[in-house]
Chemist: 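Before I ask anything, here is the structure I am working with.
We're numbering straight along the sequence, starting at 1.
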Amino acid sequence: MRVLGLVPARAGSKGVPGKNTRALCGRPLLAWTAHAALGAERLARVVLSTEDPAIAELGRSLGLDVPFVRPAALATDDAPTLPVVQHALEALIAAGDAFDAVCLLQPTSPTRTAALIDECVTLLESSGADAVVSAHRLPDEHHPHWALIGDAGGAVRWASGSDAPPTRRQDLPAAWHRDGAVYVTRTDVVLAGSLYGDDLRIVATDPATTVNVDTAADWAAAEVLLRDLP
């Protein structure tokens, strides 16, 4: 299986301004993802998608390929992820480089490892699934079967759609929260319009060692987690 590693990094960031090039524990935030991606054995090529010349220059210095410029329309605050991934695949296919799957690696997950990337790709290949994501198990108190959703009028209903929730913790099915570190999806599924497809699998991660850097508090948490890493 030939898998593309895709690192999306745009210039605009409101939660942590300039975060992709900002130093985190002595390295630019982007460098942590570049290091993991380039260390993964299951990625055939690692490409940076950006609209920003400074980020592109940094990416090249870190060993990432930058074969195209992301369109400005796909680099706004509200631009969804799927079209960014589709654009990258289509640009590479047009240049004669095709892949069986794409592994999306957002720089906001600096604690992700090369081993995790390889584990997700291996599961995609061995399972025949449409996609694999890294995820951690939800604690029982946050389980969707015990959650209530409110409407505009103040009424609430069970998030599961059932009339009543399970009364025993032992009756709860396993529930997972994607942690944002790794998404691996077959190319045909992405080009058909989905990052997840119909058959989605997970690789379990430890929430104590994962962080998604979107706010200043997340940045501080990442510093704590990365402080003792080489």
Chemist: Can you name the closest pair of heavy atoms from V121 and V3 and give their distance?
Modeler: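 So the two residues come closest at CG1-CG2, 3.7 Å.
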Chemist: Look up atom CG in L64 and atom OG in S49, then write down how far apart they are to the nearest 0.5 Å.
Modeler: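 L64 atom CG to S49 atom OG measures 11.5 Å (nearest 0.5 Å).
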Chemist: Side chain of R2, backbone of A98: donor and acceptor closer than 3.5 Å?
Modeler: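 Such a contact is found between R2 side chain and A98 backbone.
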Chemist: Run the side-chain contact (heavy atoms from CB on, under 4.5 Å) test on V7 and V47 for me, step by step, so that the C-alpha distance in whole Å, both residues' side-chain angles and the decisive distance to 0.1 Å come before the verdict.
Modeler: CA-CA 6 Å; V7 181; V47 165; over 6 Å; no
Chemist: Identify the heavy atoms of T81 and L104 that sit nearest to each other, and give their distance.
Modeler: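 The pair with the smallest heavy-atom distance is CG2-CD2, 3.5 Å.
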Chemist: Within a 6.0 Å radius of atom CG on D206, are there more than 12 heavy atoms belonging to other residues, nucleotides or ligands?
Modeler: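 Counting neighbours around CG of D206, more than 12 heavy atoms of other residues, nucleotides or ligands fall under 6.0 Å, so yes.
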Chemist: So, are R10 and D52 salt-bridged, with charged N and O less than 4.0 Å apart?
Modeler: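 Salt bridge absent between R10 and D52.
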Chemist: Is the backbone N or O of L29 less than 3.5 Å from a side-chain atom of K19, with the two atoms forming a donor-acceptor pair by type?
Modeler: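 No: the side chain of K19 does not pair with the backbone of L29.
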Chemist: Measure across P165 and W146 and return the closest heavy-atom pair with its distance rounded to 0.1 Å.
Modeler: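 Minimum heavy-atom contact is CB-CD1, 3.7 Å.
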Chemist: Taking C-beta and beyond as the side chain, do P107 and P8 meet within less than 4.5 Å on heavy atoms?
Modeler: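 Answer yes - side chains close enough.
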Chemist: Indicate, with yes or no, if V132 and I117 share a hydrophobic cluster defined by side-chain heavy-atom contacts under 4.5 Å among Ile, Leu, Val, Met, Phe, Trp and Tyr.
Modeler: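 Yes, one cluster joins them.
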Chemist: Can you name the side-chain contact (heavy atoms from CB on, under 4.5 Å) partners of P17, sequence neighbours left out?
Modeler: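 P17: no side-chain contact (heavy atoms from CB on, under 4.5 Å) contacts found.
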Chemist: How long is the span from the NE2 atom in H145 to the CG atom in D171, to the nearest 0.5 Å?
Modeler: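 If I round to the nearest 0.5 Å, the distance is 10.0 Å.
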Chemist: Which residue pairs satisfy the salt bridge (charged side-chain N to carboxylate O under 4.0 Å, His left out) criterion with at least one member in residues 99-123, sequence neighbours excluded?
Modeler: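 Residue pairs with at least one partner in residues 99-123: there are none.
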Chemist: Please round to the nearest 0.5 Å and tell me the distance separating atom CG of L124 and atom CG of D130.
Modeler: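 The CG atom of D130 is 8.5 Å from CG of L124, to the nearest 0.5 Å.
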Chemist: List the steps, then state whether side-chain contact (heavy atoms from CB on, under 4.5 Å) holds for L62 with R60.
Modeler: CA-CA 5 Å; L62 295 170; R60 292 187 185 95; over 6 Å; no
Chemist: Looking only at side chains, do T122 and R42 share a donor and an acceptor under 3.5 Å apart?
Modeler: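 The answer is yes; a qualifying pair exists.
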Chemist: In terms of hydrophobic clustering (I, L, V, M, F, W, Y; side-chain heavy atoms under 4.5 Å; direct or indirect links), are L4 and L82 co-clustered?
Modeler: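 Looking at the clustering, L82 is in the same group as L4.
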Chemist: Are L6 and L191 grouped together when hydrophobic residues (ILVMFWY) are joined by side-chain heavy atoms under 4.5 angstrom apart?
Modeler: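 The answer is yes; both residues are in one hydrophobic cluster.
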Chemist: Identify the heavy atoms of L48 and A56 that sit nearest to each other, and give their distance.
Modeler: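 Smallest interatomic distance, heavy atoms only, reads CD2-CA, 4.0 Å.
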Chemist: Verify the cluster assignment for L38 and V66: are they in a single hydrophobic cluster under the rule of side-chain heavy atoms below 4.5 Å apart?
Modeler: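 Yes.
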Chemist: More than 12 heavy atoms of other residues, nucleotides or ligands under 6.0 Å from CD of E223: yes or no?
Modeler: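 Yes, the 6.0 Å shell around CD holds more than 12 heavy atoms from other groups.
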Chemist: Nearest 0.5 angstrom please: L195 CG to T185 OG1, how far?
Modeler: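 Nearest 0.5 Å value for the CG-OG1 distance: 5.0 Å.
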Chemist: Looking at F99 and D97, what are the two nearest heavy atoms and their distance?
Modeler: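 Between these two residues, the closest heavy atoms are CZ-OD2, 3.4 Å.
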Chemist: Output the distance between atom CG (L225) and atom CG (L24), rounded to the nearest 0.5 Å.
Modeler: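 Spacing of CG (L225) from CG (L24) equals 10.0 Å.
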Chemist: Output yes when a side-chain donor or acceptor of Q86 lies under 3.5 Å from a complementary backbone atom of V190, and no otherwise.
Modeler: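 Yes; judged by distance alone, with no hydrogens or angles, the pair exists.
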Chemist: Do any N or O atoms from the side chain of E51 and from the backbone of V69 form a donor-acceptor pair under 3.5 angstrom?
Modeler: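 Absent.
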Chemist: List the steps and the verdict of side chain to side chain donor-acceptor pair (under 3.5 Å) for N212 and S109.
Modeler: CA-CA 5 Å; N212 198 324; S109 296; 4.6 Å; no
Chemist: Can you tell me how far the CH2 atom of W32 sits from the CG atom of L105, to the nearest 0.5 Å?
Modeler: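 The CH2 atom of W32 sits 16.0 Å away from the CG atom of L105.
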Chemist: How are the rings of H87 and F68 set relative to one another: parallel (under 30°), tilted (30 to 60°) or perpendicular (over 60°)?
Modeler: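 Taking F68 first and then H87, their aromatic rings stand perpendicular (interplane angle over 60°).
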Chemist: Does the pair Y196 and V133 meet the rule for a side-chain contact (heavy atoms from CB on, under 4.5 Å), with working shown?
Modeler: CA-CA 8 Å; Y196 307 104; V133 300; 4.1 Å; yes
Chemist: Is it the case that over 12 heavy atoms from other parts of the model lie below 6.0 angstrom from the CZ atom of R45?
Modeler: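 Yes, CZ of R45 has more than 12 neighbouring heavy atoms, counting only those of other groups under 6.0 Å.
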Chemist: Do L30 and I55 have side chains that approach each other closer than 4.5 Å (heavy atoms only, starting at C-beta)?
Modeler: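 SC-SC contact between L30 and I55 confirmed.
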Chemist: Go through D65 and V46 one step at a time and tell me if the side-chain contact (heavy atoms from CB on, under 4.5 Å) criterion holds.
Modeler: CA-CA 6 Å; D65 286 344; V46 183; over 6 Å; no
Chemist: Which pairs pass salt bridge (charged side-chain N to carboxylate O under 4.0 Å, His left out) with one or both residues in residues 140-164, sequence neighbours excluded?
Modeler: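 Matches after skipping sequence neighbours: D140-R169.
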Chemist: State whether a side-chain donor-acceptor pair under 3.5 Å links T210 with D179.
Modeler: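 No, no side-chain donor-acceptor contact under 3.5 Å.
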Chemist: Say whether, by atom type as modelled, one donor and one acceptor occur between the side chain of S134 and the main chain of V203 under 3.5 angstrom.
Modeler: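 Looks like no, no N/O pair under 3.5 Å.
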Chemist: Show the nearest heavy-atom pair for residues P207 and H136, with the distance to one decimal.
Modeler: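 Smallest heavy-atom distance, with atoms named: CD-CB, 3.6 Å.
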Chemist: Tell me whether M1 is reachable from V182 by hopping between hydrophobic residues (I, L, V, M, F, W, Y) whose side-chain heavy atoms are closer than 4.5 Å.
Modeler: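 In one cluster with V182: M1, yes.
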